[in-house]
Undergrad: 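Here you go, one structure.
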Amino acid sequence: MPVSETSERVAKESPSSTQSTAGFTVPSTKEIIITIDGPAGTGKSTVARMLAQRLGLDFLDTGAMYRAAAAIMIDRGYTEDEIGELVSAVIGADLHFDWSQDPPTILAWDTPIDHRIRSDDVTQRVSFVATIPELRSHMVRKQRVIFAQHPRLVTEGRDQGSIAFPDAPVKFYLDADPKVRAERRIDQLGLNGDVSVDEMCERILERDRIDSSRSDGPLVCPDDAIVIDTSELSIDGVIDEMERVVRDRLDDL
Ligand code: DC
């Protein structure tokens, strides 16, 4: 039986208590959501997590939710014709995060599945899963519940500023040269020597094509997002730039 979407667990000990290394944190009385969207390999996850740490906010990796759904599809043997069954299984799995971990880890049926979601087969399947409208609306509802429970949040994905949180006061869109993205992706997935840069480049361009052309929640750059090209920037350089933007915006909130 599907479990209520309001069942997202509340942190036992939230990483939001982490102190800023730069000495600047968002005042603890301020509610804020910062969205970071963009294609794979732009450094989004790393940057989002580190920005959250620096500002003393929680961090949500929405890609992990779609990856978890793809893992469920593979491990339970659903075919592409069994979308209704897959969506029911994902709802029943009550995907949620363990906020006592930094970064928070994802669970399905109360079992941690972090070890599974970065596997190559999951990465290959996730673009398909992310095209399913019923699944997307379920994930977006869950993300809004999570924000209600973690109202000081940095969230990263493909549709966070455009669909999930269109009123977010600070939106970023990260981009980078496809070859740089392919190299980063190989490193991130530990595939050095297994996959060539050219092959990975082809894979991520194909994934971009699927992510950008789906009818529901496509990867788009929101009009009001600040675009940062990370090809030539260090992670610290990107975060410094973001922190500066957030600091400026905070006065208006
Ligand atoms: O960021 P990532 O590689 O972990 O994302 C995995 C997949 O999930 C990717 O194909 C895009 C999709 N995704 C999405 O459609 N919407 C999101 N908010 C986050 C990820």
Side-chain angles (χ1 to χ4, degrees), residues 33-49 52 59-74 80 83 86-87 90 95 97 103-106 108 113-147 153-166 168 171-176 178 181-191 195 200-222 225 230:
I33 183 153
I34 298 171
T35 61
I36 305 180
D37 291 306
T42 51
K44 266 189 337 282
S45 302
T46 310
V47 161
R49 183 179 163 204
F59 158 62
L60 176 62
D61 168 8
T62 62
M65 300 168 74
Y66 290 94
R67 286 174 175 275
I72 289 170
M73 179 174 185
I74 296 167
E80 296 194 1
I83 288 180
L86 170 63
V87 173
V90 172
L95 298 179
F97 289 87
T105 48
I106 191 159
I113 48 163
D114 261 71
H115 61 283
R116 180 75 185 91
I117 64 171
R118 311 278 162 206
S119 311
D120 213 26
D121 58 342
V122 169
T123 302
Q124 310 258 12
R125 182 45 66 93
V126 66
S127 276
F128 167 75
V129 166
T131 60
I132 303 171
E134 303 89 316
L135 199 84
R136 296 202 69 85
S137 51
H138 171 67
M139 297 301 194
V140 168
R141 274 199 303 275
K142 256 191 183 296
Q143 289 152 12
R144 292 178 180 155
V145 169
I146 291 171
F147 174 49
L153 194 65
V154 176
T155 179
E156 65 102 341
R158 304 292 192 284
D159 59 349
Q160 296 300 281
S162 51
I163 304 284
F165 303 103
K171 297 180 188 177
F172 292 104
Y173 185 89
L174 301 191
D175 211 347
R181 292 168 52 202
E183 285 164 354
R184 289 178 182 162
R185 203 62 176 174
I186 289 173
D187 275 351
Q188 187 189 5
L189 298 175
L191 294 175
V195 181
M200 183 57 84
C201 206
E202 268 176 41
R203 278 197 213 168
I204 64 175
L205 288 175
E206 172 63 6
R207 199 132 73 89
D208 284 1
R209 195 191 58 71
I210 299 175
D211 286 345
S212 309
S213 60
R214 66 177 168 238
S215 55
D216 197 16
L219 168 66
V220 288
C221 176
T230 68

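Positions are given from 1 along the sequence. Counting starts at 1 for both ligands and their atoms, following the listed order.
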Undergrad: Do any N/O atoms on Asp159 end up under 3.5 angstrom from N/O atoms on ligand 1?
TA: yes

Undergrad: Show which atoms of ligand 1 fall inside a sub-4.0 Å distance from at least one heavy-atom site of Gln160.
TA: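 Atoms satisfying the 4.0 Å criterion: 18 (N).
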
Undergrad: Can you list everything that forms a side chain to side chain donor-acceptor pair (under 3.5 Å) with Ser212? Sequence neighbours excluded, please.
TA: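 If we apply the side chain to side chain donor-acceptor pair (under 3.5 Å) test to Ser212, skipping adjacent residues, there are no hits.
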
Undergrad: Find the distance between CE (Met73) and CD (Glu80) and round it off to the nearest 0.5 Å.
TA: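 Between atom CE of Met73 and atom CD of Glu80 there are 5.0 Å.
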
Undergrad: Any idea which atoms of ligand 1 are less than 4.0 Å away from a heavy-atom of Thr62?
TA: 17 (C), 18 (N), 19 (C)

Undergrad: Among protein heavy atoms, which sits nearest to atom 1 (O) of ligand 1, and what does the distance come to when rounded to 0.1 Å?
TA: Arg158 NH1, 3.0 Å

Undergrad: Polar contacts were defined as any N/O atom of the residue lying under 3.5 Å from an N/O atom of the ligand; does this apply to Arg136 and ligand 1?
TA: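 Between Arg136 and ligand 1, an N or O pair is found under 3.5 Å apart.
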
Undergrad: Any chance you could measure Arg207, atom CZ, to Arg185, atom CZ, to the nearest 0.5 Å?
TA: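 These two atoms lie 5.0 Å from each other.
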
Undergrad: Determine whether Arg49 and Glu156 make a side-chain contact, defined as any pair of heavy atoms from C-beta on separated by less than 4.5 Å.
TA: no

Undergrad: Select one of side chain, backbone, both or neither to describe which atoms of Asp211 lie under 4.0 Å from any atom of ligand 1, heavy atoms only.
TA: side chain

Undergrad: Could you state the interatomic distance from OG (Ser119) to CD1 (Ile74), rounded to the nearest 0.5 Å?
TA: 8.0 Å

Undergrad: For the CG atom of Leu60 and the CZ atom of Phe165, what is their distance to the nearest 0.5 Å?
TA: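 If I round to the nearest 0.5 Å, the distance is 7.0 Å.
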
Undergrad: In Å, rounded to the nearest 0.5 Å, how long is the span from CG of Leu153 to CD1 of Ile33?
TA: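 Output value for this atom pair is 4.5 Å.
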
Undergrad: Identify, for atom 10 (O) of ligand 1, the protein heavy atom at the shortest distance, and state residue, atom and that distance.
TA: Arg207 NH1, 2.9 Å

Undergrad: Return yes or no for this condition: an N or O of Arg185 is under 3.5 Å from an N or O of ligand 1.
TA: yes

Undergrad: Relative to the heavy atoms of Arg214, which atoms of ligand 1 are at a distance of less than 4.0 Å?
TA: 14 (C), 15 (O)

Undergrad: Who's the nearest protein heavy-atom neighbour of atom 8 (O) of ligand 1, and how far?
TA: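 I find the closest protein heavy atom is Tyr66 CB, 3.6 Å.
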
Undergrad: Identify, for atom 20 (C) of ligand 1, the protein heavy atom at the shortest distance, and state residue, atom and that distance.
TA: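 Here the nearest protein heavy atom works out to Gly63 CA, 3.6 Å.
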
Undergrad: Applying the side chain to side chain donor-acceptor pair (under 3.5 Å) criterion to Arg67, which one of Thr62, Thr123, Asp61, Asp114 satisfies it?
TA: Thr123

Undergrad: Which residue supplies the protein heavy atom nearest to atom 4 (O) of ligand 1, what is that atom called, and how far is it?
TA: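 Looking only at protein heavy atoms, the one closest to atom 4 (O) of ligand 1 is Arg67 NE, 2.7 Å.
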
Undergrad: Closer than 4.0 Å to some heavy atom of Ala130 - which atoms of ligand 1 meet that?
TA: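 So the answer, numbered in order with elements, is 12 (C), 15 (O).
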
Undergrad: Among side-chain atoms of Thr230 and Arg184, is any donor-acceptor pair under 3.5 angstrom?
TA: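 There is such a pair (donor and acceptor under 3.5 Å, judged by atom type) between the side chains of Thr230 and Arg184.
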
